[in-house]
Amino acid sequence: MEMSYAKIILDIDPTANARGIEAYMRSEHGTLDHLPREVFVKEIKMAAACDRQYPGFLDLLASTY
C-alpha cells in the first residue's frame, strides 16, 4: 500500500501545512520518490520554518501546482 506524501508529512509534523510543504518540495526536487527519509524530514522542517517566517508563502506556492 502506498502512502500519500501528505500523510507522510503529517506523520513527521502533525502541525504542518502538508499541501504547501509538498508543493515546496516538488519545486525543489521535482519527484519525491527518490529522497531518503532523512532528506525528506530535513525538507519538511525547512519548509515549515519558511511557513512560520512567511505565512501564506507555501499556500501561494501550492496554488501554482
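As the structure is a prediction and not an experimental result, all values here were calculated from the model. Below, each value reflects all heavy atoms present in this structure, side chains not excepted, and no hydrogens, waters or symmetry copies.
Here the closest heavy-atom approach between residue Ile21 and residue Ala47 is recorded as CG1-CB, 3.7 Å. Between Ala16 and Leu10, the shortest heavy-atom distance links the atoms O-CD2, 3.5 Å. Closest approach of Ile44 to Met25, counting heavy atoms only: CG1-SD, 4.0 Å.
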**Message:** What verdict does the side chain to side chain contact (heavy atoms under 4.5 Å, CB included) test give for Ile12 and Glu43, after you've listed the backbone C-alpha separation in whole Å, the side-chain angles of each residue and the deciding distance to 0.1 Å?
**Reply:** CA-CA 11 Å; Ile12 293 167; Glu43 292 292 326; over 6 Å; no

**Residues Arg26, Leu32; criterion side chain to side chain contact (heavy atoms under 4.5 Å, CB included); working and verdict** = CA-CA 7 Å; Arg26 288 187 182 280; Leu32 305 179; 4.1 Å; yes

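Between Leu58 and Arg19 there is no side-chain heavy-atom pair separated by less than 4.5 Å. For the pair Ile9 and Phe40, the minimum side-chain heavy-atom distance is below 4.5 Å. Leu35 places a side-chain heavy atom less than 4.5 Å from the side chain of His29.
Tracing side-chain contacts under 4.5 Å through hydrophobic residues (I, L, V, M, F, W, Y), one reaches Met46 starting from Ile8; they form part of the same cluster. In the hydrophobic clustering of this structure, Leu60 does not group with Tyr54; members are Ile, Leu, Val, Met, Phe, Trp, Tyr whose side-chain heavy atoms approach within less than 4.5 Å, directly or through other members.
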